[in-house]
Amino acid sequence: MSTVLTANKREKGRQSSLTQLRQNGAIPGVVYGYQMEPTAISLDARVFAKMLAAFGNKSVFQLDVDGNRINAVLTEVQRCALKGNVKHVDFKSINMAEELEVDIPVTVTGNAIGVADGGFLLQPNREVRIKVNPAKIPETIEVDVTDVAIGTSLYVGDIRQKFSFEILQEDDYTLVTITPPAAENVQEDDTVDGTPEVIEATGHNTAEPRV
């Protein structure tokens with residue numbers, strides 16, 4: 001998805017200049033990469049916030065830098081730790097004819113049979129890195145967990161062939177796992193109440209075998 005975003009060249013200045021820029025409703029940034037030298041830019045803060053909310057940070061942006069159109073992707077968004085507002089952005093100019101590597105979020109779909117049986121669904125890894133044509137970058141990667149049972153997992157190797165783009169993680173990269181209910185995770189301990197196991201005079205242990 002491509003979106004047009006107007007940017008203006010700016011002079012690299014001191015921190016006070018950047019502060020003033022932000023106070024005037026702009027965001028400082030830089031664009032670098034394919035067929036261009038690193039260039040300092042500024043963006044309208046409100047317009048950028050609306051585009052980021054609407055299209056996400058995985059989109060291909062068309063930066064209109066003083067009339068020059070540049071295809072670019074976001075590589076970093078710096079935010080204020082207290083207020084959360086954007087302080088600085090980095091864009092990378094790209095060649096639309098070449099594939100690029102990008103991290104894409106994983107979205108779980110379906111109702112796992114393991115959850116229906118009382119298990120808990122965990123996502124140890126919520127993103128995967130893919131290699132894809134810039135014009136075909138997906139917003140998310142959907143994985144169906146319907147058949148994932150308690151004690152089993154879903155790996156990259158299980159979904160790799162379902163997509164036309166290349167997933168760069170190894171096959172054993174875990175996306176989803178279903179853990180047993182809490183009660184099944186607790187192992188019984190014959191001495192947990194402080195009472196030792198009962199041993200008859202014959203020397204045989206009369207405690208029931210653990211299952």
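Here, residue 1 is the first one in the sequence, and each next residue gets the next number.
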S.K.: Would F48 and V89 count as a side chain to side chain contact (heavy atoms under 4.5 Å, CB included) if you check the C-alpha gap in whole Å, the side-chain angles of each, and the deciding distance to 0.1 Å?
M.R.: CA-CA 10 Å; F48 177 76; V89 291; 3.7 Å; yes
S.K.: Would you say the side-chain atoms of Y155 and D171 include a donor-acceptor pair closer than 3.5 Å?
M.R.: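 Judged by distance alone, the side chains do not pair up.
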S.K.: Please round to the nearest 0.5 Å and tell me the distance separating atom CG of N57 and atom CE of M51.
M.R.: 14.5 Å
S.K.: Can you name the closest pair of heavy atoms from S93 and M36 and give their distance?
M.R.: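 Reported closest heavy-atom pair: CB-SD, 3.7 Å.
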S.K.: Are L21 and I27 side-chain neighbours, meaning at least one heavy-atom pair lies under 4.5 Å?
M.R.: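 In short, these two side chains do not touch, never coming nearer than 4.5 Å.
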S.K.: Apply side chain to side chain contact (heavy atoms under 4.5 Å, CB included) to residues V106 and Q123 and explain how you reach the verdict.
M.R.: CA-CA 9 Å; V106 174; Q123 279 186 265; 4.2 Å; yes
S.K.: V30 and I41: which non-hydrogen atoms are nearest, and at how many Å?
M.R.: N-CG1, 3.9 Å
S.K.: Do V47 and L52 sit in one hydrophobic cluster, given that two such residues count as connected whenever their side-chain heavy atoms are within less than 4.5 Å of each other, even indirectly?
M.R.: yes
S.K.: So which atom in R79 and which in G84 form the shortest heavy-atom distance, rounded to 0.1 Å?
M.R.: NH1-O, 2.9 Å
S.K.: Test your reading of the model: is there a side-chain donor-acceptor pair from T177 to the backbone of L122, 3.5 Å cut-off?
M.R.: no
S.K.: Is it true that a side-chain atom of R22 and a backbone atom of K87 form a donor plus acceptor pair closer than 3.5 Å?
M.R.: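 Pair found, side chain donor or acceptor close to backbone of K87.
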S.K.: What are the two closest heavy atoms between G110 and T146, and how far apart are they?
M.R.: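 Of all heavy-atom pairs spanning G110 and T146, the closest is CA-OG1, 3.8 Å.
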S.K.: Without swapping roles, check the side chain of D44 against the backbone of R46 for a donor-acceptor pair under 3.5 Å.
M.R.: yes
S.K.: Give a yes or no on whether the backbone of S42 and the side-chain of N8 come within a donor-acceptor separation of less than 3.5 Å.
M.R.: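 No; zero donor-acceptor contacts below 3.5 Å.
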S.K.: Tell me whether M96 is reachable from Y34 by hopping between hydrophobic residues (I, L, V, M, F, W, Y) whose side-chain heavy atoms are closer than 4.5 Å.
M.R.: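 No, Y34 and M96 fall in different hydrophobic clusters.
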S.K.: Which heavy atom of N71 sits nearest to which heavy atom of Q62, and what is that distance?
M.R.: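 In this case the closest contact between N71 and Q62 is OD1-CG, 3.3 Å.
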S.K.: Please say yes or no: joined through hydrophobic side-chain contacts below 4.5 Å, possibly via intermediate residues, are V156 and V108 part of one cluster?
M.R.: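 Yes; tracing contacts between hydrophobic side chains, which count when under 4.5 Å, links both residues.
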S.K.: Return yes if some donor-acceptor pair links the side-chain N/O of K131 with the main-chain N/O of F165 below 3.5 Å, else return no.
M.R.: no
S.K.: Do V145 and I113 belong together in a cluster built from hydrophobic side chains that touch within less than 4.5 Å?
M.R.: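 No; I113 is not reachable from V145 via cluster members.
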S.K.: Is any side-chain heavy atom of V115 closer than 4.5 Å to one of I178?
M.R.: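 With C-beta onward as the side chain, the pair touches.
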S.K.: Between Y32 and T39, is there a side-chain heavy-atom distance shorter than 4.5 Å?
M.R.: no
S.K.: Let me confirm one number: the CD1-CD distance from I167 to Q161, rounded to the nearest 0.5 Å.
M.R.: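 So the CD1 of I167 and the CD of Q161 are separated by 9.0 Å.
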S.K.: Rounded to the nearest 0.5 Å, what separation is found between the NZ atom of K58 and the CD1 atom of I130?
M.R.: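 The NZ atom of K58 sits 9.5 Å away from the CD1 atom of I130.
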S.K.: Calculate, to the nearest 0.5 Å, the distance between atoms OG1 and CG belonging to T75 and D90 respectively.
M.R.: 4.5 Å
S.K.: Looking at every non-hydrogen atom in both residues, tell me the closest pair between I150 and G119 and how far apart they are.
M.R.: CD1-N, 3.9 Å
S.K.: Under 3.5 Å, is there a donor-acceptor pair between the side chain of S59 and the main chain of F55?
M.R.: yes
S.K.: Hey, does the side chain of D158 reach the backbone of L154 with a donor-acceptor pair shorter than 3.5 angstrom?
M.R.: no
S.K.: Mind checking whether R69 and V4 have side chains closer than 4.5 Å, heavy atoms only?
M.R.: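 In short, these two side chains touch, coming nearer than 4.5 Å.
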S.K.: So, S153 side chain and T174 main chain: donor-acceptor pair closer than 3.5 Å or not?
M.R.: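 Side chain of S153 to backbone of T174, a donor-acceptor pair under 3.5 Å: no, none is there.
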S.K.: Could you measure the distance from the NZ atom of K50 to the CG atom of L5? Nearest 0.5 Å is fine.
M.R.: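 Answer for the NZ-CG pair, K50 versus L5, is 13.0 Å.
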S.K.: May I ask whether F120 and V176 are part of the same hydrophobic cluster, defined by side-chain heavy atoms of I, L, V, M, F, W, Y residues being less than 4.5 angstrom apart, directly or through others?
M.R.: no
S.K.: So with a 6.0 Å cut-off around CD of E37, is the heavy-atom count from everything else above 12?
M.R.: no
S.K.: Has R10 got a side-chain atom pairing as donor or acceptor with G29's backbone, closer than 3.5 angstrom?
M.R.: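 Yes.
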S.K.: If I take atom CG from residue N125 and atom CD from residue Q169, how far apart are they, to the nearest 0.5 angstrom?
M.R.: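 Reported to 0.5 Å precision, the distance equals 7.5 Å.
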S.K.: For residues L168 and E166, determine if any side-chain heavy atom of one lies less than 4.5 Å from a side-chain heavy atom of the other.
M.R.: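 Yes, at least one pair of side-chain atoms sits under 4.5 Å.
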S.K.: State, yes or no, whether a side-chain contact exists between F61 and V73 at a heavy-atom distance under 4.5 Å.
M.R.: no
S.K.: Taking atom CZ of R129 as the centre, does the number of heavy atoms from other residues, nucleotides or ligands within less than 6.0 Å exceed 12?
M.R.: yes
S.K.: Less than 4.5 Å apart, side chain to side chain, heavy atoms only: is that true for I70 and F91?
M.R.: no
